[in-house]
Number of protein chains: 2
Amino acid sequence: MTQPPWQPITPAKPTRTPKEPLNRERIVDAAMRVLVESGYDAVSMRKVAQALGTGPASLYAHVANKRELDQLLVERAAAQMRFDEPVDPARWQEQLKAMMREMLRAMRANPGVARAAIGAVPLGERALMSTERMLTLLKAGNIPDQAAAWAVDLIPLYVTAVAFEETVQSATDWKPEDVERFISGLRSYFESLPADRFPLTVALSGVLTSGAAGDERFEFGIAVIVAGLASLAEKN
Amino acid sequence: MTQPPWQPITPAKPTRTPKEPLNRERIVDAAMRVLVESGYDAVSMRKVAQALGTGPASLYAHVANKRELDQLLVERAAAQMRFDEPVDPARWQEQLKAMMREMLRAMRANPGVARAAIGAVPLGERALMSTERMLTLLKAGNIPDQAAAWAVDLIPLYVTAVAFEETVQSATDWKPEDVERFISGLRSYFESLPADRFPLTVALSGVLTSGAAGDERFEFGIAVIVAGLASLAEKN
DNA sequence: TTCGATAGTAGAACAGTGTTCGTCAACGAA
DNA sequence: TTCGTTGACGAACACTGTTCTACTATCGAA
(Lines give C-alpha, C1' and ligand atoms only; values in the text may rest on other atoms or scores of the structure.)
Protein backbone atom coordinates (compact mmCIF):
# COMPACT_ATOMS: atom_id res chain seq x y z
CA MET A 1 0.00 0.00 0.00
CA THR A 2 1.37 3.44 -0.91
CA GLN A 3 1.96 5.75 2.02
CA PRO A 4 1.54 9.51 2.04
CA PRO A 5 5.01 10.97 1.58
CA TRP A 6 5.02 12.71 4.99
CA GLN A 7 4.46 9.48 6.89
CA PRO A 8 7.64 7.42 7.00
CA ILE A 9 7.16 3.77 6.34
CA THR A 10 7.52 1.91 9.61
CA PRO A 11 9.16 -1.42 8.91
CA ALA A 12 7.18 -4.30 10.39
CA LYS A 13 8.86 -5.81 13.44
CA PRO A 14 10.39 -9.16 12.61
CA THR A 15 8.46 -11.63 14.72
CA ARG A 16 9.98 -15.05 15.35
CA THR A 17 7.84 -17.77 13.97
CA PRO A 18 7.00 -19.75 17.06
CA LYS A 19 8.93 -22.97 17.05
CA GLU A 20 8.20 -26.15 18.83
CA PRO A 21 10.17 -25.85 22.09
CA LEU A 22 13.24 -27.98 22.47
CA ASN A 23 13.33 -30.87 24.86
CA ARG A 24 15.51 -33.87 25.42
CA GLU A 25 13.34 -36.18 23.41
CA ARG A 26 13.38 -33.98 20.32
CA ILE A 27 17.13 -33.54 20.64
CA VAL A 28 17.67 -37.30 20.84
CA ASP A 29 15.26 -37.79 17.94
CA ALA A 30 17.32 -35.42 15.82
CA ALA A 31 20.58 -37.05 16.91
CA MET A 32 19.19 -40.48 15.99
CA ARG A 33 18.32 -39.21 12.52
CA VAL A 34 21.85 -37.91 12.01
CA LEU A 35 23.26 -41.19 13.37
CA VAL A 36 21.21 -43.41 11.09
CA GLU A 37 21.74 -41.24 8.02
CA SER A 38 25.41 -40.36 8.38
CA GLY A 39 26.90 -42.51 11.13
CA TYR A 40 28.19 -41.71 14.58
CA ASP A 41 31.07 -39.51 13.44
CA ALA A 42 28.56 -37.08 11.98
CA VAL A 43 26.70 -36.73 15.27
CA SER A 44 28.03 -33.40 16.50
CA MET A 45 26.33 -30.76 18.61
CA ARG A 46 26.32 -28.47 15.58
CA LYS A 47 24.78 -31.05 13.25
CA VAL A 48 22.08 -31.97 15.75
CA ALA A 49 21.29 -28.30 16.37
CA GLN A 50 21.16 -27.68 12.64
CA ALA A 51 18.71 -30.56 12.21
CA LEU A 52 16.53 -28.81 14.80
CA GLY A 53 16.88 -25.38 13.20
CA THR A 54 18.71 -23.89 16.16
CA GLY A 55 22.22 -23.21 17.39
CA PRO A 56 24.48 -25.61 19.28
CA ALA A 57 24.31 -23.62 22.49
CA SER A 58 20.57 -24.25 22.70
CA LEU A 59 21.15 -27.91 23.35
CA TYR A 60 23.02 -27.22 26.58
CA ALA A 61 19.86 -26.18 28.36
CA HIS A 62 18.66 -29.75 27.96
CA VAL A 63 21.77 -31.96 27.98
CA ALA A 64 24.85 -31.40 30.09
CA ASN A 65 27.35 -32.16 27.30
CA LYS A 66 28.07 -34.35 24.29
CA ARG A 67 28.75 -37.35 26.48
CA GLU A 68 25.27 -37.14 27.99
CA LEU A 69 23.81 -36.97 24.50
CA ASP A 70 25.82 -40.08 23.62
CA GLN A 71 24.34 -41.87 26.66
CA LEU A 72 20.86 -40.98 25.48
CA LEU A 73 21.71 -42.34 22.02
CA VAL A 74 22.91 -45.59 23.53
CA GLU A 75 19.68 -45.88 25.53
CA ARG A 76 17.62 -45.23 22.41
CA ALA A 77 19.55 -47.84 20.45
CA ALA A 78 19.17 -50.31 23.33
CA ALA A 79 15.44 -49.61 23.28
CA GLN A 80 15.25 -51.07 19.77
CA MET A 81 16.09 -54.57 20.94
CA ARG A 82 13.23 -56.98 20.57
CA PHE A 83 12.94 -60.25 22.44
CA ASP A 84 9.56 -61.54 21.39
CA GLU A 85 10.08 -65.26 21.80
CA PRO A 86 8.78 -66.45 25.22
CA VAL A 87 11.49 -67.66 27.56
CA ASP A 88 11.97 -71.41 27.23
CA PRO A 89 14.18 -72.68 30.07
CA ALA A 90 14.99 -75.86 28.16
CA ARG A 91 16.50 -73.77 25.38
CA TRP A 92 18.26 -71.18 27.56
CA GLN A 93 21.57 -71.41 25.71
CA GLU A 94 19.97 -70.98 22.30
CA GLN A 95 17.88 -68.08 23.54
CA LEU A 96 20.86 -66.41 25.18
CA LYS A 97 22.68 -66.58 21.84
CA ALA A 98 19.58 -65.17 20.14
CA MET A 99 19.70 -62.23 22.56
CA MET A 100 23.32 -61.58 21.63
CA ARG A 101 22.43 -61.64 17.94
CA GLU A 102 19.60 -59.20 18.60
CA MET A 103 21.94 -56.87 20.51
CA LEU A 104 24.31 -56.87 17.55
CA ARG A 105 21.43 -56.25 15.15
CA ALA A 106 20.28 -53.22 17.16
CA MET A 107 23.81 -51.80 17.15
CA ARG A 108 24.25 -52.34 13.43
CA ALA A 109 20.97 -50.49 12.87
CA ASN A 110 22.62 -47.47 14.53
CA PRO A 111 26.01 -47.22 12.83
CA GLY A 112 28.81 -46.41 15.18
CA VAL A 113 26.76 -46.12 18.34
CA ALA A 114 28.92 -48.92 19.73
CA ARG A 115 31.67 -46.31 20.01
CA ALA A 116 29.58 -44.50 22.60
CA ALA A 117 28.25 -47.68 24.18
CA ILE A 118 31.37 -49.10 25.78
CA GLY A 119 31.43 -47.91 29.35
CA ALA A 120 27.80 -46.82 29.19
CA VAL A 121 25.27 -48.55 31.45
CA PRO A 122 21.89 -48.34 29.74
CA LEU A 123 19.22 -48.20 32.41
CA GLY A 124 16.14 -47.46 30.37
CA GLU A 125 13.12 -49.69 30.62
CA ARG A 126 14.02 -51.78 27.58
CA ALA A 127 17.60 -52.24 28.78
CA LEU A 128 16.28 -53.43 32.14
CA MET A 129 13.97 -55.87 30.40
CA SER A 130 17.02 -57.17 28.61
CA THR A 131 18.88 -57.55 31.90
CA GLU A 132 15.93 -59.40 33.45
CA ARG A 133 15.64 -61.71 30.45
CA MET A 134 19.35 -62.55 30.53
CA LEU A 135 19.11 -63.31 34.25
CA THR A 136 16.04 -65.47 33.66
CA LEU A 137 17.84 -67.51 31.02
CA LEU A 138 21.00 -67.84 33.06
CA LYS A 139 19.10 -68.98 36.15
CA ALA A 140 17.20 -71.42 33.97
CA GLY A 141 20.64 -72.86 33.24
CA ASN A 142 21.43 -73.13 36.96
CA ILE A 143 24.18 -70.54 36.79
CA PRO A 144 25.06 -69.30 40.30
CA ASP A 145 23.79 -65.85 41.25
CA GLN A 146 27.09 -64.00 41.07
CA ALA A 147 28.09 -65.61 37.80
CA ALA A 148 24.70 -64.75 36.31
CA ALA A 149 25.01 -61.16 37.48
CA TRP A 150 28.50 -60.74 36.05
CA ALA A 151 27.55 -62.46 32.81
CA VAL A 152 25.03 -59.63 32.34
CA ASP A 153 28.08 -57.36 32.11
CA LEU A 154 30.24 -59.69 29.99
CA ILE A 155 27.67 -60.45 27.30
CA PRO A 156 26.88 -56.89 26.15
CA LEU A 157 30.56 -55.96 26.50
CA TYR A 158 31.56 -58.62 24.00
CA VAL A 159 28.76 -57.75 21.58
CA THR A 160 29.58 -54.05 21.82
CA ALA A 161 33.25 -54.73 21.15
CA VAL A 162 32.35 -56.66 17.99
CA ALA A 163 30.06 -53.85 16.81
CA PHE A 164 32.76 -51.30 17.61
CA GLU A 165 35.32 -53.22 15.58
CA GLU A 166 32.95 -53.24 12.64
CA THR A 167 32.53 -49.48 12.78
CA VAL A 168 36.29 -48.97 12.71
CA GLN A 169 36.45 -51.03 9.56
CA SER A 170 33.56 -49.26 7.86
CA ALA A 171 34.96 -45.87 8.83
CA THR A 172 37.94 -46.67 6.68
CA ASP A 173 35.65 -46.49 3.67
CA TRP A 174 36.98 -49.77 2.45
CA LYS A 175 35.27 -51.51 -0.41
CA PRO A 176 34.78 -55.27 -0.19
CA GLU A 177 37.75 -55.67 -2.57
CA ASP A 178 39.92 -53.57 -0.27
CA VAL A 179 39.05 -55.86 2.64
CA GLU A 180 39.73 -58.87 0.41
CA ARG A 181 43.14 -57.47 -0.51
CA PHE A 182 43.98 -56.68 3.11
CA ILE A 183 42.98 -60.16 4.24
CA SER A 184 44.89 -61.87 1.48
CA GLY A 185 47.94 -59.68 2.14
CA LEU A 186 47.69 -60.60 5.80
CA ARG A 187 47.61 -64.29 4.89
CA SER A 188 50.65 -63.93 2.64
CA TYR A 189 52.42 -62.12 5.44
CA PHE A 190 51.66 -64.90 7.90
CA GLU A 191 52.80 -67.52 5.39
CA SER A 192 56.05 -65.67 4.82
CA LEU A 193 57.03 -65.62 8.50
CA PRO A 194 60.01 -67.74 9.57
CA ALA A 195 58.44 -71.13 10.27
CA ASP A 196 61.00 -71.91 12.94
CA ARG A 197 59.94 -68.97 15.07
CA PHE A 198 56.23 -68.91 14.22
CA PRO A 199 55.37 -72.51 13.27
CA LEU A 200 51.69 -72.39 14.23
CA THR A 201 51.10 -68.92 12.87
CA VAL A 202 52.46 -70.09 9.51
CA ALA A 203 50.61 -73.42 9.61
CA LEU A 204 47.28 -71.82 10.55
CA SER A 205 47.59 -68.74 8.34
CA GLY A 206 44.54 -69.90 6.39
CA VAL A 207 42.12 -70.04 9.30
CA LEU A 208 43.74 -67.07 11.04
CA THR A 209 42.50 -64.97 8.14
CA SER A 210 39.17 -66.66 7.45
CA GLY A 211 35.74 -65.81 8.72
CA ALA A 212 36.35 -62.09 8.82
CA ALA A 213 33.42 -61.40 6.53
CA GLY A 214 30.03 -62.52 7.74
CA ASP A 215 29.15 -63.57 11.27
CA GLU A 216 31.16 -66.76 11.71
CA ARG A 217 33.63 -65.22 14.15
CA PHE A 218 30.83 -63.58 16.11
CA GLU A 219 28.98 -66.91 16.25
CA PHE A 220 32.16 -68.56 17.44
CA GLY A 221 32.57 -65.94 20.17
CA ILE A 222 29.05 -66.28 21.47
CA ALA A 223 29.37 -70.08 21.39
CA VAL A 224 32.54 -69.89 23.50
CA ILE A 225 30.97 -67.51 26.01
CA VAL A 226 27.75 -69.51 26.33
CA ALA A 227 29.69 -72.79 26.63
CA GLY A 228 31.86 -71.19 29.30
CA LEU A 229 28.80 -70.05 31.20
CA ALA A 230 27.20 -73.49 30.85
CA SER A 231 30.28 -75.01 32.47
CA LEU A 232 29.51 -72.99 35.60
CA ALA A 233 26.09 -74.58 36.04
CA GLU A 234 25.46 -76.00 39.46
CA LYS A 235 24.68 -79.68 39.49
CA ASN A 236 21.41 -80.56 41.07
CA MET B 1 87.75 -9.24 15.40
CA THR B 2 87.79 -5.46 14.96
CA GLN B 3 86.90 -4.32 11.46
CA PRO B 4 88.42 -1.34 9.69
CA PRO B 5 85.87 1.49 10.00
CA TRP B 6 85.23 1.67 6.21
CA GLN B 7 84.11 -1.96 6.01
CA PRO B 8 80.62 -2.36 7.42
CA ILE B 9 80.12 -5.29 9.73
CA THR B 10 78.13 -7.95 7.92
CA PRO B 11 75.59 -9.43 10.34
CA ALA B 12 75.90 -13.21 10.52
CA LYS B 13 73.08 -15.03 8.73
CA PRO B 14 70.81 -16.69 11.27
CA THR B 15 71.53 -20.38 10.79
CA ARG B 16 69.05 -22.95 12.07
CA THR B 17 70.54 -25.00 14.82
CA PRO B 18 70.62 -28.39 13.17
CA LYS B 19 67.92 -30.60 14.66
CA GLU B 20 67.87 -34.31 14.82
CA PRO B 21 65.82 -35.28 11.74
CA LEU B 22 62.32 -36.59 12.30
CA ASN B 23 61.48 -40.19 11.71
CA ARG B 24 58.64 -42.49 12.60
CA GLU B 25 60.38 -43.91 15.61
CA ARG B 26 61.04 -40.53 17.19
CA ILE B 27 57.45 -39.49 16.48
CA VAL B 28 56.10 -42.63 18.15
CA ASP B 29 58.52 -42.12 21.05
CA ALA B 30 57.17 -38.62 21.58
CA ALA B 31 53.57 -39.81 21.26
CA MET B 32 54.25 -42.55 23.84
CA ARG B 33 55.59 -39.95 26.27
CA VAL B 34 52.47 -37.83 25.87
CA LEU B 35 50.29 -40.95 26.23
CA VAL B 36 51.95 -42.12 29.43
CA GLU B 37 52.11 -38.66 30.99
CA SER B 38 48.70 -37.29 30.04
CA GLY B 39 46.59 -40.11 28.65
CA TYR B 40 45.28 -40.88 25.20
CA ASP B 41 43.04 -37.82 24.92
CA ALA B 42 46.12 -35.63 25.11
CA VAL B 43 47.80 -37.37 22.19
CA SER B 44 47.14 -34.91 19.39
CA MET B 45 49.26 -34.10 16.34
CA ARG B 46 49.93 -30.66 17.84
CA LYS B 47 51.04 -32.03 21.22
CA VAL B 48 53.31 -34.62 19.66
CA ALA B 49 54.83 -32.04 17.33
CA GLN B 50 55.33 -29.70 20.26
CA ALA B 51 57.11 -32.44 22.18
CA LEU B 52 59.44 -32.73 19.20
CA GLY B 53 59.95 -28.99 18.85
CA THR B 54 58.30 -28.82 15.45
CA GLY B 55 54.93 -28.07 13.87
CA PRO B 56 52.08 -30.54 13.31
CA ALA B 57 52.48 -30.49 9.53
CA SER B 58 55.97 -31.97 9.90
CA LEU B 59 54.55 -35.23 11.12
CA TYR B 60 52.69 -35.85 7.88
CA ALA B 61 55.88 -36.57 6.00
CA HIS B 62 56.28 -39.65 8.18
CA VAL B 63 52.77 -40.81 9.13
CA ALA B 64 49.78 -40.70 6.84
CA ASN B 65 47.36 -39.41 9.49
CA LYS B 66 46.35 -39.59 13.13
CA ARG B 67 44.94 -43.04 12.71
CA GLU B 68 48.26 -44.38 11.50
CA LEU B 69 49.95 -42.81 14.51
CA ASP B 70 47.36 -44.55 16.70
CA GLN B 71 48.24 -47.87 15.04
CA LEU B 72 51.89 -47.30 15.82
CA LEU B 73 51.01 -46.53 19.43
CA VAL B 74 49.03 -49.77 19.67
CA GLU B 75 51.99 -51.70 18.27
CA ARG B 76 54.33 -50.05 20.75
CA ALA B 77 52.00 -50.86 23.65
CA ALA B 78 51.65 -54.44 22.41
CA ALA B 79 55.43 -54.66 22.32
CA GLN B 80 55.49 -54.16 26.09
CA MET B 81 53.84 -57.47 26.78
CA ARG B 82 56.12 -59.95 28.45
CA PHE B 83 55.57 -63.70 28.49
CA ASP B 84 58.65 -64.98 30.24
CA GLU B 85 57.33 -68.23 31.68
CA PRO B 86 58.12 -71.19 29.39
CA VAL B 87 55.08 -72.78 27.80
CA ASP B 88 53.81 -75.66 29.92
CA PRO B 89 51.22 -77.66 27.96
CA ALA B 90 49.85 -79.19 31.14
CA ARG B 91 48.96 -75.72 32.42
CA TRP B 92 47.71 -74.28 29.14
CA GLN B 93 44.55 -72.79 30.68
CA GLU B 94 46.38 -71.10 33.51
CA GLN B 95 49.00 -69.75 31.13
CA LEU B 96 46.35 -68.47 28.71
CA LYS B 97 44.73 -66.57 31.57
CA ALA B 98 48.15 -65.22 32.54
CA MET B 99 48.54 -63.93 28.97
CA MET B 100 45.21 -62.13 29.23
CA ARG B 101 46.28 -60.53 32.51
CA GLU B 102 49.54 -59.45 30.91
CA MET B 103 47.66 -57.93 27.94
CA LEU B 104 45.52 -55.93 30.36
CA ARG B 105 48.61 -54.85 32.30
CA ALA B 106 50.27 -53.55 29.13
CA MET B 107 47.16 -51.59 28.23
CA ARG B 108 46.82 -50.10 31.67
CA ALA B 109 50.46 -48.99 31.44
CA ASN B 110 49.43 -46.91 28.42
CA PRO B 111 46.28 -45.11 29.58
CA GLY B 112 43.61 -44.98 26.98
CA VAL B 113 45.46 -46.77 24.21
CA ALA B 114 42.67 -49.34 24.26
CA ARG B 115 40.57 -46.66 22.56
CA ALA B 116 42.83 -46.91 19.54
CA ALA B 117 43.31 -50.65 19.83
CA ILE B 118 39.88 -51.95 18.94
CA GLY B 119 39.88 -52.71 15.27
CA ALA B 120 43.66 -52.53 15.11
CA VAL B 121 45.61 -55.65 14.15
CA PRO B 122 49.05 -55.37 15.73
CA LEU B 123 51.53 -57.17 13.49
CA GLY B 124 54.81 -56.22 15.05
CA GLU B 125 57.25 -58.87 16.14
CA ARG B 126 56.12 -58.90 19.75
CA ALA B 127 52.46 -59.12 18.75
CA LEU B 128 53.26 -62.07 16.51
CA MET B 129 55.09 -63.76 19.36
CA SER B 130 51.95 -63.29 21.39
CA THR B 131 49.85 -64.83 18.60
CA GLU B 132 52.22 -67.80 18.35
CA ARG B 133 52.16 -68.32 22.09
CA MET B 134 48.35 -68.24 22.22
CA LEU B 135 48.20 -70.78 19.40
CA THR B 136 50.76 -72.98 21.17
CA LEU B 137 48.73 -72.98 24.37
CA LEU B 138 45.44 -73.59 22.58
CA LYS B 139 46.86 -76.47 20.57
CA ALA B 140 48.32 -77.87 23.77
CA GLY B 141 44.70 -77.96 24.94
CA ASN B 142 43.63 -79.86 21.81
CA ILE B 143 41.54 -77.00 20.51
CA PRO B 144 40.77 -77.53 16.80
CA ASP B 145 42.69 -75.36 14.35
CA GLN B 146 39.90 -73.00 13.37
CA ALA B 147 38.76 -72.52 16.96
CA ALA B 148 42.33 -71.79 18.02
CA ALA B 149 42.74 -69.28 15.20
CA TRP B 150 39.52 -67.46 16.02
CA ALA B 151 40.26 -67.50 19.73
CA VAL B 152 43.35 -65.45 18.88
CA ASP B 153 40.90 -62.76 17.78
CA LEU B 154 38.40 -63.19 20.64
CA ILE B 155 40.91 -63.06 23.49
CA PRO B 156 42.50 -59.66 22.77
CA LEU B 157 39.11 -58.23 21.78
CA TYR B 158 37.70 -59.02 25.21
CA VAL B 159 40.76 -57.70 27.04
CA THR B 160 40.77 -54.53 24.95
CA ALA B 161 37.07 -53.97 25.66
CA VAL B 162 37.72 -54.22 29.40
CA ALA B 163 40.62 -51.78 29.15
CA PHE B 164 38.51 -49.45 27.02
CA GLU B 165 35.72 -49.47 29.58
CA GLU B 166 38.21 -48.55 32.29
CA THR B 167 39.42 -45.55 30.31
CA VAL B 168 35.88 -44.26 29.91
CA GLN B 169 35.46 -44.40 33.65
CA SER B 170 38.78 -42.72 34.41
CA ALA B 171 38.11 -40.04 31.81
CA THR B 172 35.17 -38.98 33.91
CA ASP B 173 37.63 -37.84 36.56
CA TRP B 174 35.67 -39.70 39.18
CA LYS B 175 37.13 -40.12 42.63
CA PRO B 176 36.73 -43.50 44.32
CA GLU B 177 33.93 -42.00 46.42
CA ASP B 178 32.13 -40.89 43.24
CA VAL B 179 32.29 -44.44 41.92
CA GLU B 180 31.11 -45.73 45.28
CA ARG B 181 28.17 -43.35 45.22
CA PHE B 182 27.29 -44.27 41.63
CA ILE B 183 27.44 -47.99 42.42
CA SER B 184 25.37 -47.64 45.54
CA GLY B 185 22.86 -45.46 43.72
CA LEU B 186 22.66 -48.10 41.02
CA ARG B 187 22.01 -50.76 43.64
CA SER B 188 19.25 -48.69 45.23
CA TYR B 189 17.77 -48.15 41.80
CA PHE B 190 17.74 -51.89 41.09
CA GLU B 191 16.21 -52.59 44.51
CA SER B 192 13.48 -50.04 43.89
CA LEU B 193 12.33 -51.60 40.63
CA PRO B 194 8.89 -53.27 40.57
CA ALA B 195 9.64 -56.80 41.73
CA ASP B 196 6.81 -58.23 39.66
CA ARG B 197 8.38 -57.06 36.41
CA PHE B 198 12.05 -57.41 37.35
CA PRO B 199 12.15 -60.12 40.00
CA LEU B 200 15.69 -61.33 39.35
CA THR B 201 17.10 -57.86 38.83
CA VAL B 202 15.73 -56.88 42.24
CA ALA B 203 16.78 -60.12 43.92
CA LEU B 204 20.30 -59.97 42.51
CA SER B 205 20.84 -56.23 42.89
CA GLY B 206 23.68 -56.89 45.32
CA VAL B 207 25.80 -58.98 43.01
CA LEU B 208 24.77 -57.00 39.93
CA THR B 209 26.62 -54.07 41.47
CA SER B 210 29.52 -55.88 43.10
CA GLY B 211 32.98 -56.53 41.78
CA ALA B 212 33.20 -53.33 39.79
CA ALA B 213 36.32 -52.25 41.61
CA GLY B 214 39.29 -54.55 41.33
CA ASP B 215 39.71 -57.37 38.83
CA GLU B 216 37.04 -59.83 39.91
CA ARG B 217 34.83 -59.22 36.90
CA PHE B 218 37.78 -59.43 34.54
CA GLU B 219 38.86 -62.69 36.18
CA PHE B 220 35.32 -63.99 35.79
CA GLY B 221 35.35 -63.05 32.10
CA ILE B 222 38.61 -64.75 31.36
CA ALA B 223 37.48 -67.82 33.29
CA VAL B 224 34.33 -68.03 31.19
CA ILE B 225 36.23 -67.63 27.92
CA VAL B 226 38.91 -70.17 28.84
CA ALA B 227 36.26 -72.63 30.08
CA GLY B 228 34.35 -72.15 26.86
CA LEU B 229 37.47 -72.81 24.84
CA ALA B 230 38.30 -75.87 26.93
CA SER B 231 34.89 -77.29 26.11
CA LEU B 232 35.90 -77.32 22.44
CA ALA B 233 38.85 -79.61 23.05
CA GLU B 234 38.98 -82.65 20.81
CA LYS B 235 38.97 -85.92 22.66
CA ASN B 236 41.91 -88.11 21.95
C1' DT C 1 -1.77 -3.85 34.31
C1' DT C 2 2.96 -3.72 35.40
C1' DC C 3 7.23 -5.45 36.66
C1' DG C 4 10.77 -8.56 38.01
C1' DA C 5 12.43 -13.23 37.75
C1' DT C 6 13.33 -17.21 35.24
C1' DA C 7 14.12 -20.24 31.50
C1' DG C 8 15.23 -20.94 26.98
C1' DT C 9 17.25 -19.47 22.61
C1' DA C 10 21.05 -18.56 19.81
C1' DG C 11 24.99 -15.78 17.77
C1' DA C 12 29.65 -15.00 18.93
C1' DA C 13 33.67 -16.34 20.85
C1' DC C 14 37.09 -19.38 22.89
C1' DA C 15 40.28 -23.14 22.72
C1' DG C 16 41.03 -26.94 20.64
C1' DT C 17 41.27 -30.75 16.68
C1' DG C 18 43.11 -33.11 11.96
C1' DT C 19 44.74 -32.01 7.70
C1' DT C 20 46.29 -29.44 3.47
C1' DC C 21 48.67 -25.64 1.15
C1' DG C 22 52.49 -23.03 -0.03
C1' DT C 23 57.05 -21.68 0.78
C1' DC C 24 61.71 -22.42 2.05
C1' DA C 25 66.13 -24.83 2.95
C1' DA C 26 69.13 -28.63 2.34
C1' DC C 27 70.99 -31.99 -0.42
C1' DG C 28 72.55 -34.80 -4.15
C1' DA C 29 72.85 -35.69 -9.07
C1' DA C 30 73.86 -33.98 -13.55
C1' DT D 1 76.48 -24.25 -10.98
C1' DT D 2 71.90 -25.66 -11.71
C1' DC D 3 67.91 -28.23 -10.89
C1' DG D 4 64.81 -31.55 -8.95
C1' DT D 5 63.54 -33.91 -4.81
C1' DT D 6 62.57 -34.25 -0.07
C1' DG D 7 61.49 -32.75 4.40
C1' DA D 8 60.27 -28.97 7.53
C1' DC D 9 56.90 -26.00 9.16
C1' DG D 10 53.85 -21.66 9.59
C1' DA D 11 49.48 -20.44 7.96
C1' DA D 12 45.12 -21.56 6.78
C1' DC D 13 40.96 -24.34 6.34
C1' DA D 14 37.03 -26.71 8.16
C1' DC D 15 35.60 -28.70 11.88
C1' DT D 16 34.77 -29.84 17.16
C1' DG D 17 32.73 -29.05 22.28
C1' DT D 18 31.59 -25.64 25.28
C1' DT D 19 30.87 -21.00 27.50
C1' DC D 20 29.63 -16.15 27.36
C1' DT D 21 26.44 -12.71 26.61
C1' DA D 22 22.38 -10.61 25.07
C1' DC D 23 17.79 -11.08 24.02
C1' DT D 24 12.95 -12.79 24.16
C1' DA D 25 8.98 -15.08 25.96
C1' DT D 26 6.52 -16.61 29.77
C1' DC D 27 4.81 -16.46 34.27
C1' DG D 28 3.42 -15.05 38.75
C1' DA D 29 3.20 -11.52 42.29
C1' DA D 30 2.00 -6.96 43.50
Identify which nucleotide among [options] has an atom closest to any side-chain atom of [X], counting heavy atoms from C-beta outward.
{"X": "A:Lys47", "options": "C:dG8, D:dT16, D:dT18", "answer": "D:dT16"}
{"X": "A:Ala57", "options": "D:dG17, C:dT19, C:dA10", "answer": "C:dA10"}
{"X": "B:Leu22", "options": "C:dT9, D:dA8, C:dT17", "answer": "D:dA8"}
{"X": "A:Met45", "options": "C:dT19, D:dT18, D:dA8", "answer": "D:dT18"}

ask   = Below 4.0 angstrom, N of the basic side chain to O of the carboxylate: do B:Arg187 and B:Glu191 qualify?
value =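 Salt bridge between B:Arg187 and B:Glu191, a charged N being under 4.0 Å from a carboxylate O: yes.
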message = For A:Asp215, is there an ion pair with A:Arg108 - N to carboxylate O distance below 4.0 angstrom?
response =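 A salt bridge links A:Arg108 with A:Asp215.
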Any side-chain N or O of [X] under 4.0 Å from OP1/OP2 of [N]?
{"X": "A:His62", "N": "C:dT9", "answer": "yes"}
{"X": "A:Ser58", "N": "C:dG8", "answer": "no"}
{"X": "A:Ser44", "N": "D:dT16", "answer": "yes"}

query = Does the gap between the ring centers of B:Phe198 and B:Phe190 come in under 6.0 Å?
reply =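 No, the ring of B:Phe198 stays outside the 6.0 Å limit from the ring of B:Phe190, centre to centre.
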query = Is there a donor-acceptor pair under 3.5 Å between the side chain of A:Ser58 and the backbone N or O of A:Thr54?
reply =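 No; zero donor-acceptor contacts below 3.5 Å.
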query = Under 3.5 Å, is there an N or O donor on one side and an acceptor on the other linking the side chain of B:Arg46 and the base of C:dG16?
reply =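 It does not, because no donor-acceptor pair links the side chain of B:Arg46 to the base of C:dG16 below 3.5 Å.
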query = Considering heavy-atom distances to DNA chain C, does A:Asn23 or B:Lys66 have its closest nucleotide positioned more toward the 5' end?
reply =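 By nearest-heavy-atom nucleotide position, the 5'-most residue is A:Asn23.
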